[in-house]
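Structure first, then comments.
Values below: all heavy atoms of this structure, side chains included; hydrogens, waters and symmetry mates excluded. One-based numbering along the sequence shown.
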Amino acid sequence: MKIILLGPPAAGKGTQSAYLSKYYDIPAISTGSIIRNNISEGTELGTKAKVYIDEGKLVPDELVMDLVAKRIAQPDCKNGYILDGFPRTVAQAEAMEKLGINVDKIVELVLPDEEIVDRISGRRNCSECGAIYHTKDHPSKAGDRCDKCGGKLVQRADDTEETIKKRLEVYHEKTQPLGNYYAAKGNLVQIDSSGLLEDTSAAVRKAFGVE
Ligand code: ADP
């Protein structure tokens with residue numbers, strides 16, 4: 001099973017891909033978190049990508065294509081994978097097809113801009129296991145610690161108000177057209193992600209035929 005999860009920042013892609021990863025026993029690949037790991041480890045890729053991420057811009061396609069090609073060649077991807085945050089431009093989608101990467105299902109989570117800003121500003125991530133929380137909608141029971149592993153909850157460096165505005169602009173200009181691109185090919189499922197997490201999760205399960 002190979003899946004692409006599309007949608008604006010904070011639409012819930014990370015949460016849904018964690019669920020699908022468990023259900024299908026396939027890895028969830030988030031290009032954003034791979035890039036962030038490279039930044040914190042100070043790799044060459046991280047150093048190149050940091051300038052873009054910090055400004056809320058997209059990292060150049062070549063860097064991302066290289067990273068994805070290497071990741072999906074790993075043995076744990078042999079039965080499939082979920083791509084979260086990739087492709088993010090029509091050029092990336094075309095490059096992916098040229099490499100012979102085909103997917104079974106493409107799901108787009110849809111959410112209005114006002115809600116995106118609210119979700120991003122309240123988003124907190126576990127610094128140890130990456131679990132995702134929201135200060136209002138999905139708070140950790142243990143305050144600033146992760147319920148699952150006890151790790152410290154932190155706010156992503158690119159989740160600031162100014163960067164969010166830029167990321168939304170970039171999303172509308174570069175990523176949203178991918179919805180039409182895949183819809184025209186006839187294999188896109190759109191899911192309203194503006195309601196409660198349970199409703200989005202139920203719609204995702206339905207899209208995958210999970211009872
Ligand atoms: P979000 O979807 O919440 O904005 P991500 O973790 O998916 O966050 O991505 C964070 C940042 O990483 C993006 O703003 C961008 O700079 C970079 N990035 C992630 N995936 C890609 C990609 N496929 N192409 C270009 N840049 C990317």
Fill in: Side-chain ion pair, Glu94 and Lys98, N-O less than 4.0 Å
no
Worksheet, complete the sentence: Minimal heavy-atom distance between Ala49 and Val59, with the atoms involved, is CB-CG2, 3.9 Å
Item to complete: Output all residues satisfying salt bridge (Lys or Arg N to Asp or Glu O under 4.0 Å) with Lys136, sequence neighbours left out; order by chain, then residue number.
Response: Asp118
Discussion item. Distance check, rounded to the nearest 0.5 Å: Tyr24 atom OH versus Met1 atom CE?
Written reply: 3.5 Å
Worksheet item: Charged N to carboxylate O under 4.0 angstrom, Arg71 versus Asp76?
Response: yes
Worksheet item: Does a salt bridge link Arg123 with Asp159, judged by any charged N lying under 4.0 Å from a carboxylate O?
Response: yes
Item to complete: Find out whether Asp144 and Lys152 are in side-chain contact, i.e. whether some heavy atom of one side chain is under 4.5 Å from a heavy atom of the other.
Response: yes
Practice prompt. Please check if Val64 and Met96 belong to a single hydrophobic cluster, counting links between Ile, Leu, Val, Met, Phe, Trp and Tyr side chain heavy atoms closer than 4.5 Å.
Written response: yes
Worksheet item: Where do Val107 and Ile4 land on the side chain to side chain contact (heavy atoms under 4.5 Å, CB included) test, with the steps shown first?
Response: CA-CA 6 Å; Val107 173; Ile4 292 177; over 6 Å; no
Fill in: Which atom of Val103 lies closest to which atom of Ile106, heavy atoms considered
CG2-CG1, 3.7 Å
Discussion item. Can you list everything that forms a side-chain hydrogen bond (donor to acceptor under 3.5 Å, both in side chains) with His138? Sequence neighbours excluded, please.
Written reply: none
Practice prompt. Indicate yes or no: at least one non-hydrogen side-chain atom of Leu67 is less than 4.5 angstrom from one of Phe86.
Written response: no
Worksheet item: Under a 4.5 Å cut-off applied to non-hydrogen side-chain atoms, are Pro27 and Cys77 in contact?
Response: yes
Discussion item. Could you see if Leu58 belongs to whatever hydrophobic cluster contains Val51? Use Ile, Leu, Val, Met, Phe, Trp, Tyr and a side-chain cutoff under 4.5 Å.
Written reply: no
Practice prompt. Answer whether the closest heavy-atom distance between the side chains of Cys126 and Cys149 falls below 4.5 Å.
Written response: yes
Worksheet item: Taking the side chain as C-beta and beyond, is there a heavy-atom pair between Arg156 and Asn125 under 4.5 Å?
Response: yes
Discussion item. Any heavy-atom pair between the side chains of Asp113 and His172 that's under 4.5 Å?
Written reply: yes
Worksheet item: What are the two closest heavy atoms between Lys148 and Ala131, and how far apart are they?
Response: NZ-CB, 3.9 Å
Discussion item. Tell me whether the count of non-hydrogen atoms from other residues, nucleotides or ligands lying under 6.0 Å of OH in Tyr181 goes above 12.
Written reply: yes
Item to complete: Can you measure from CD (Gln155) to OG (Ser127) and round to the nearest 0.5 angstrom?
Response: 13.5 Å
Discussion item. Is any side-chain heavy atom of Leu83 closer than 4.5 Å to one of Ile3?
Written reply: no
Worksheet entry | In one Ile/Leu/Val/Met/Phe/Trp/Tyr side-chain cluster, 4.5 Å: Tyr171, Tyr52 | no
Fill in: Distance, nearest 0.5 Å, that separates NZ of Lys174 from NZ of Lys57
9.0 Å
Worksheet item: Are side-chain N/O atoms of Gln16 and Ser201 paired as donor and acceptor at under 3.5 Å?
Response: yes
Worksheet entry | Nearest heavy-atom neighbours spanning Asn79 and Ile26 | O-CG2, 3.7 Å
Item to complete: Give, for atom CD1 of Ile120 and atom NZ of Lys165, the distance between the pair rounded to the nearest 0.5 Å.
Response: 13.5 Å
Discussion item. Would you say CG of Asp25 has more than 12 non-hydrogen atoms from neighbouring residues, nucleotides or ligands within 6.0 angstrom?
Written reply: no
Worksheet item: Side chains of Ile29 and Ile34: does their closest heavy-atom pair fall under 4.5 Å?
Response: yes
Response to the item:
CZ of Phe208 to OH of Tyr19, rounded to nearest 0.5 Å, is 9.5 Å
Worksheet item: Any chance NZ of Lys105 has more than 12 other-residue heavy atoms, nucleotides or ligands included, within less than 6.0 Å?
Response: yes
Practice prompt. Provide the closest heavy-atom pair for Ser17 versus Asp84 in the form atom of the first, atom of the second, distance.
Written response: OG-OD2, 3.7 Å
Fill in: Salt-bridge criterion met for Glu97 and Lys185 (N-O under 4.0 Å)
yes
Discussion item. Quick check: closest heavy atoms across Ile116 and Pro8, and the distance to 0.1 Å?
Written reply: CD1-CB, 3.5 Å
Worksheet item: If Ile, Leu, Val, Met, Phe, Trp and Tyr residues are connected whenever their side-chain heavy atoms lie under 4.5 Å apart, and connections chain through other members, are Tyr81 and Leu99 in the same group?
Response: yes
Discussion item. Applying salt bridge (Lys or Arg N to Asp or Glu O under 4.0 Å), can you list everything that pairs with Glu169, at least two apart in sequence or on another chain?
Written reply: Lys166
Worksheet item: Rounded to the nearest 0.5 Å, what separation is found between the OG1 atom of Thr43 and the NZ atom of Lys50?
Response: 12.5 Å
Discussion item. Using the rule given for side chain to side chain contact (heavy atoms under 4.5 Å, CB included), can you reason through Leu6 versus Leu188, listing the C-alpha separation, both sets of side-chain angles and the distance that settles it, and then say yes or no?
Written reply: CA-CA 10 Å; Leu6 293 176; Leu188 178 75; 4.1 Å; yes
Worksheet item: Would you call Arg119 and Glu115 a salt bridge, taking side-chain N to carboxylate O under 4.0 Å as the test?
Response: yes
